[in-house]
Amino acid sequence: MSDTALQCLRLHCLRPKKAVTLFKASVMPAVKNLCYYVNGMLSMPGGIDGMFNIFEVDGQAMKYDEALMQADIEEYGLFTYEEFAEYVELPEEVFEAFNGQYLKVAIGKGLITIDKISSLYERYSELLTN
């Protein structure tokens, strides 16, 4: 695997009537970047609904709509590590890596629950803490 975030894989058909080369572009999600774009489309990994796409996106600018993001933060608030750790015990580095402060907005909007977050952490804790 290359060090770049974008990998292109060439696929060739066997015995084609017409020579065609297809490209599949993929972007690896990075820490603090669970909302990402692939070929101009908003994409997401599976199984972690509610951990990403918390805020409305400006499709033209391909970034969060800053005014709506601020309105959501004002309405629901942000978690501090100490407050979040009362519900889910995890290292502060993991909280920071996954933008844990914004999960309060996700919970407020009904995108995810504390139980689901706890379950995800239990499932992936070995990967996240080693």
Side-chain angles (χ1 to χ4, degrees):
M1 183 177 283
S2 70
D3 290 332
T4 62
L6 180 65
Q7 296 179 338
C8 289
L9 305 173
R10 286 190 176 175
L11 305 172
H12 297 279
C13 298
L14 298 175
R15 298 184 196 160
K17 293 181 181 180
K18 181 178 175 183
V20 176
T21 300
L22 303 173
F23 291 90
K24 177 184 176 195
S26 60
V27 176
M28 299 301 293
V31 170
K32 293 193 172 196
N33 188 24
L34 293 177
C35 179
Y36 56 93
Y37 285 85
V38 178
N39 293 343
M41 290 177 29
L42 189 59
S43 187
M44 64 181 186
I48 58 171
D49 297 349
M51 296 285 295
F52 52 88
N53 300 344
I54 296 168
F55 302 104
E56 294 297 318
V57 173
D58 177 340
Q60 295 290 20
M62 293 174 67
K63 66 176 192 169
Y64 293 124
D65 182 309
E66 293 177 26
L68 292 176
M69 180 179 179
Q70 188 58 41
D72 285 343
I73 291 170
E74 288 173 13
E75 182 173 349
Y76 301 108
L78 298 174
F79 273 125
T80 63
Y81 170 72
E82 292 75 18
E83 180 184 12
F84 186 80
E86 291 177 17
Y87 302 104
V88 182
E89 288 187 44
L90 50 77
E92 190 168 2
E93 294 80 20
V94 173
F95 173 82
E96 291 174 2
F98 289 95
N99 290 310
Q101 70 272 21
Y102 299 120
L103 291 174
K104 193 172 214 178
V105 175
I107 292 167
K109 288 179 154 186
L111 301 174
I112 197 166
T113 64
I114 284 289
D115 289 338
K116 173 74 177 193
I117 294 168
S118 182
S119 173
L120 287 170
Y121 180 67
E122 286 176 26
R123 182 185 313 166
Y124 295 109
S125 63
E126 188 174 317
L127 298 171
L128 298 172
T129 56
N130 290 332

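Note: hydrogens, waters and symmetry copies are ignored here, and every other heavy atom, side chains too, is used.
- The neighbour count for Glu92 CD, taken as heavy atoms of other residues, nucleotides or ligands under 6.0 Å away, is above 12.
- Of the inter-residue distances, the one linking Met69 atom CE with Glu74 atom CD reads 12.0 Å to the nearest 0.5 angstrom.
- For the pair Arg123 and Glu126, the salt-bridge criterion is not met [side-chain N within less than 4.0 Å of a carboxylate O].
- Between Phe95 and Phe84, the ring planes lie tilted relative to each other; the angle falls in the 30° to 60° range.
- Residues Ile112 and Lys116 approach most closely at CG1-CG, 3.5 Å, considering heavy atoms.
- In this structure the side chain of Lys109 reaches within 4.5 angstrom of the side chain of Tyr76, judged on heavy atoms.
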Starting from the C-alpha separation in whole Å, work towards a yes-or-no answer on side-chain contact (heavy atoms from CB on, under 4.5 Å) for Glu89 and Glu86. CA-CA 7 Å; Glu89 288 187 44; Glu86 291 177 17; over 6 Å; no

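- Hydrophobic clustering (side-chain heavy atoms under 4.5 Å, transitive across Ile, Leu, Val, Met, Phe, Trp, Tyr) keeps Ile73 apart from Leu68.
- Taking CD1 of Ile117 as the start and CG of Leu103 as the end, the distance is 4.5 Å to the nearest 0.5 Å.
- Within 6.0 Å of CD in Glu56 there are 12 or fewer heavy atoms belonging to other residues, nucleotides or ligands.
- When ring centroids are compared, Phe55 and Tyr102 come within the 6.0 Å threshold.
- Between Ile107 and Thr113, the closest side-chain pair of non-hydrogen atoms is not below 4.5 Å.
- Nearest approach of Leu111 to Ile54, heavy atoms of both residues: CD1-CA, 3.9 Å.
- Scanning all heavy atoms of the two residues, the minimum distance from Tyr121 to Pro91 falls at OH-CD, 3.2 Å.
- With rounding to the nearest 0.5 Å, the separation of CG in Asp58 from CD in Gln60 is 7.0 Å.
- In this structure, Leu90 and Tyr81 have side chains that are in contact, with non-hydrogen atoms separated by less than 4.5 Å.
- Taking 4.5 Å as the limit, every side-chain heavy atom of Glu96 sits out of range of all side-chain heavy atoms of Gln101.
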